[in-house]
A.B. asks: 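Take a look at the following structure, please.
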Amino acid sequence: MKNKEIAEMLGEIALMLSVDTRPTARFEVRAYQKAALTIGTLQEDVGEIFAKGGERALMELPGIGKGIAGSVAEYIKTGKMKKYDGLKRQYPIDFKALTAIEGLGAKRLIRLYNELGIKDVDDLSRAVKAHKIEKLEGFGRRSEEQIGKGIELAEKGRGRILISEGLPVAEAIVKRIMESGAAEMAVVAGSARRMRETVGDLDILVLSSKPGKAMDFFAGLDEVSSIVMKGPTKTTAWLKAGVTCDVRVIAPESFGAALQYFTGSRDHNVQVRTIAVRKGYKLNEYGLFREGGRPVEAGSEEEIYAKLGMQWMPPEMREARGEVGLAQAKRIPKIVELEDIKGDMHTHTRETDGANTIEEMAEEAMKIGYRYFATTNHTKSLFIARGMDEKKFTGFFKNVDRLNEQLDGKVRIIKGAEVDILKDGSLDLDKKFLEEMECAVGAVHQSLRMDRESMTKRIVGALDSGLIRILAHPTGRELLWREPYAVDLDRVFDAAERNNVALEINSYPSRLDLSDTNIMAASKYKLMFSLGTDAHRTSHMRFMRYGVGTARRGWLAPDRIINTMDMARMLRWLSR
DNA sequence: GCCGTTTTCGGCCCGACTGTTTTCAGTCG
């Protein structure tokens with residue numbers, strides 16, 4: 001899979017072309033950026049697309065025409081790309097690392113290379129220390145300081161954080177701004193509103209008749225560690241959480257347009273704006289305008305989409321994955337909501353590596369308003385988690401039976417286990433024991449570095465055993481830490497469909513596995529999904545919102561998810 | 001370099017903020 005590599009090369013071509021002075025060059029830059037984005041976010045392997053359909057198939061992709069298709073094909077065939085190699089000889093610069101430094105883009109980097117020979121972060125660091133940069137025309141002392149700070153931040157690993165770390169901070173800031181009296185309204189926008197699995201910055205929109213006061217209040221909050229910039233209507237700050245946060249003050253009549261604009265995604269907005277232009281409008285963050293600048297009455301997102309002949313759609317869908325066309329056809333599907341979820345299908349207790357008792361977990365489930373939840377402790381092979389054998393499970397389940405009687409249906413505990421799928425695809429508990437269990441959840445935890453074929457056979461073998469009802473965290477990824485294991489998901493989906501096994505959308509924030517795009521791919525099969533938090537303590541049961549967010553990003557309908565069923569139907573489904 | 005329900009030529013999203021300028025270029029989202 002060379003998608004990432006090729007996308008990066010196309011992106012670098014765009015950077016290097018941006019100093020080209022030909023009048024058409026800046027449009028070439030945009031073309032290469034767009035092509036890089038297309039290939040970078042592609043599900044299928046570019047190499048396979050080319051193998052199957054040649055350059056013609058590449059040209060089917062949005063933003064890829066004859067020229068770029070040729071370059072991509074050249075690279076796939078020969079491992080070389082003339083256009084890239086030529087430019088790179090001219091500018092042998094480590095763009096990837098250097099553009100990650102705040103305030104440095106292609107033009108300044110190429111000047112730094114031409115005038116000071118700076119090729120990488122080390123060169124840059126030395127030049128800053130020797131105060132060579134402040135002497136350059138157009139740079140000055142402030143720029144040099146900013147670059148110095150930027151290097152430090154880049155080295156500290158500024159970057160993305162989990163949605164579960166970002167969204168609550170954004171919500172807390174919104175709450176405090178609202179309570180301060182400096183604003184009439186504040187909302188979270190950006191990728192956090194779209195429920196992306198990780199966020200690189202937070203966006204907050206504020207409606208205020210005292211913009212200066214609102215900006216000052218935000219700048220002084222506890223959550224803020226330093227101010228990047230502060231103007232009359234926009235402030236950017238680094239948060240202690242490790243990301244930046246933009247707060248913007250918006251005029252009331254622009255609120256809908258601003259919310260639409262700043263929710264993004266950028267690609268979604270580009271598509272929406274193209275439609276606006278075609279219909280004779282101009283759309284920006286201030287509103288919808290007729291040609292000549294006459295504003296169109298459209299104070300909410302719904303009205304803006306409606307004026308463009310589109311249906312409103314949930315923010316989670318706005319990723320330029322076909323939702324714009326559906327909205328035009330008025331065929332936006334109904335997708336699952338948090339309120340649809342009637343129980344949690346994956347939880348642990350302190351009998352293994354959880355922190356709480358089954359009683360405490362039941363208490364929490366009732367507080368949330370669940371009708372049921374599955375207790376799914378680890379099995380014996382997972383020593384580090386003190387996994388349980390058949391005997392321990394038997395004792396534990398007796399306790400659960402007693403508790404279920406006491407609870408008298410207020411919440412029903414489903415007896416299950418997160419059964420290890422061993423190296424050879426066999427399961428970590430006796431066949432007979434598994435057959436009698438209400439909810440066996442299969443999971444791979446060990447020997448993750450198997451080759452693709454062996455891993456695929458291992459998981460498909462477990463699915464074909466007919467003993468498990470749910471496949472937990474099907475790809476094994478850990479966000480910001482561990483890649484998915486090598487596995488042929490199509491064969492896994494196929495086996496899940498064949499055996500009527502639900503695929504888990506693990507809602508633990510560092511997993512979110514299946515991912516949004518995996519869910520879209522799996523949806524094409526006739527199979528069900530299951531939402532579970534993998535809770536290891538009571539508070540983790542609240543992670544369900546992130547799993548639901550991921551399901552929504554995968555356009556999943558409530559009737560494709562087993563735990564939207566009421567209890568009787570759910571038990572029937574499990575017993576099949 | 002890409003693209004087309006006005007087009008195979010002539011367009012391509014656009015505004016805020018900063019720094020170093022003295023009217024604007026670069027960066028960012």
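To find a chain, count down the sequence lines: A is the first, B the second, and so on, and within it residues start at 1.
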A.B. asks: What is the distance, rounded to the nearest whole Å, between atom CG of A:L288 and atom P of B:dC14?
C.D. replies: 13 Å
A.B. asks: Tell me whether A:E197 is salt-bridged to A:R477, with the criterion being a basic N under 4.0 Å from an acidic carboxylate O.
C.D. replies: yes
A.B. asks: I need the single residue from A:R141, A:R142, A:K129 that forms a salt bridge (Lys or Arg N to Asp or Glu O under 4.0 Å) with A:E134. Which is it?
C.D. replies: A:R141
A.B. asks: The side chain of A:Y286 is closest to which nucleotide in this list: B:dC2, B:dC12, B:dG15?
C.D. replies: B:dG15
A.B. asks: Can you tell me how far C1' of B:dT27 sits from CG of A:L15, to the nearest Å?
C.D. replies: 12 Å
A.B. asks: Is the shortest side-chain N/O distance from A:T233 to OP1 or OP2 of B:dC17 below 4.0 Å?
C.D. replies: yes
A.B. asks: Report the residue (A:N284 or A:L109) whose heavy-atom-nearest nucleotide on DNA chain B is the more 5′ of the two.
C.D. replies: A:N284
A.B. asks: Between B:dC14, B:dT27, B:dT18, spot the one nearest the side chain of A:R108, thanks.
C.D. replies: B:dT27
A.B. asks: Just call it for A:L104: base, sugar-phosphate, or nothing, with non-hydrogen atoms closer than 4.0 Å on any strand.
C.D. replies: sugar-phosphate
A.B. asks: What about A:R273: does its side chain form a donor-acceptor pair under 3.5 Å with the base of B:dC13?
C.D. replies: yes
A.B. asks: What integer number of Å spans the P atoms of B:dG19 and B:dC13?
C.D. replies: 29 Å
A.B. asks: Has A:R266 got a side-chain N or O lying under 4.0 Å from the OP1 or OP2 atom of B:dG29?
C.D. replies: no
A.B. asks: Salt bridge or not between A:E171 and A:R545? Use side-chain N to carboxylate O under 4.0 Å.
C.D. replies: yes
A.B. asks: So, is A:Y281 near the phosphate of B:dC13, with a side-chain N or O under 4.0 Å from OP1 or OP2?
C.D. replies: no
A.B. asks: For nucleotides B:dT23 and B:dC17, find the distance between their P atoms and express it as a whole number of Å.
C.D. replies: 22 Å
A.B. asks: Provide, to the nearest angstrom, the distance between the OH atom belonging to A:Y261 and the C1' atom belonging to B:dC28.
C.D. replies: 10 Å
A.B. asks: How many whole angstroms separate atom CZ of A:R26 from atom P of B:dC13?
C.D. replies: 10 Å
A.B. asks: Contact class for A:Y32 (heavy atom, under 4.0 Å): base, sugar-phosphate, or nothing?
C.D. replies: sugar-phosphate
A.B. asks: Provide, to the nearest angstrom, the distance between the NZ atom belonging to A:K66 and the P atom belonging to B:dG1.
C.D. replies: 12 Å
A.B. asks: Can we say A:K82 and A:D85 salt-bridge, meaning some charged N sits less than 4.0 Å from an Asp/Glu carboxylate O?
C.D. replies: no
A.B. asks: What is the distance from CG of A:L98 to P of B:dT27, rounded to the nearest Å?
C.D. replies: 12 Å
A.B. asks: Please work out whether the ring planes of A:Y546 and A:F543 are parallel, tilted or perpendicular, with thresholds of 30° and 60°.
C.D. replies: tilted
A.B. asks: So A:R141, base contact, sugar-phosphate only, or nothing? Heavy-atom distance under 4.0 Å.
C.D. replies: sugar-phosphate
A.B. asks: What integer distance in Å separates A:K83:NZ from B:dC2:P?
C.D. replies: 10 Å
A.B. asks: When you measure from the side-chain N and O atoms of A:K282 to the phosphate of B:dG15, is any distance below 4.0 Å, counting only OP1 and OP2?
C.D. replies: yes
A.B. asks: Indicate yes or no: does A:R248 engage A:D203 in a salt bridge with an N to O separation below 4.0 Å.
C.D. replies: yes
A.B. asks: Looking only at side-chain atoms of A:K107, point me to the closest of B:dG26, B:dC2, B:dC12.
C.D. replies: B:dG26
A.B. asks: Does A:K230 reach a base, just sugar-phosphate, or nothing at all? Heavy atoms under 4.0 Å.
C.D. replies: sugar-phosphate
A.B. asks: Is it the case that A:T236 and A:D246 place a side-chain donor and acceptor less than 3.5 Å from each other?
C.D. replies: yes
A.B. asks: Could you give the distance separating B:dA16 and B:dG11 at their C1' atoms, to the nearest angstrom?
C.D. replies: 26 Å
A.B. asks: Provide the distance between the two P atoms, one in B:dT21 and one in B:dG26, to the nearest whole Å.
C.D. replies: 13 Å
A.B. asks: Expressed as a whole number of Å, how far does the C1' atom of B:dT8 sit from that of B:dG1?
C.D. replies: 15 Å
A.B. asks: Can you tell me the Watson-Crick or wobble partner of B:dT8, both distances under 3.5 angstrom?
C.D. replies: none
A.B. asks: With nearest nucleotides of DNA chain B determined for A:S143 and A:G63 from heavy-atom distances, which residue corresponds to the more 5′ nucleotide?
C.D. replies: A:G63
A.B. asks: With a 4.0 Å cut-off on heavy atoms, is A:Q146 in touch with a base, just the backbone sugar-phosphate, or nothing at all?
C.D. replies: nothing
A.B. asks: For the pair made of CZ in A:R142 and P in B:dT27, what is the distance, rounded to whole Å?
C.D. replies: 18 Å
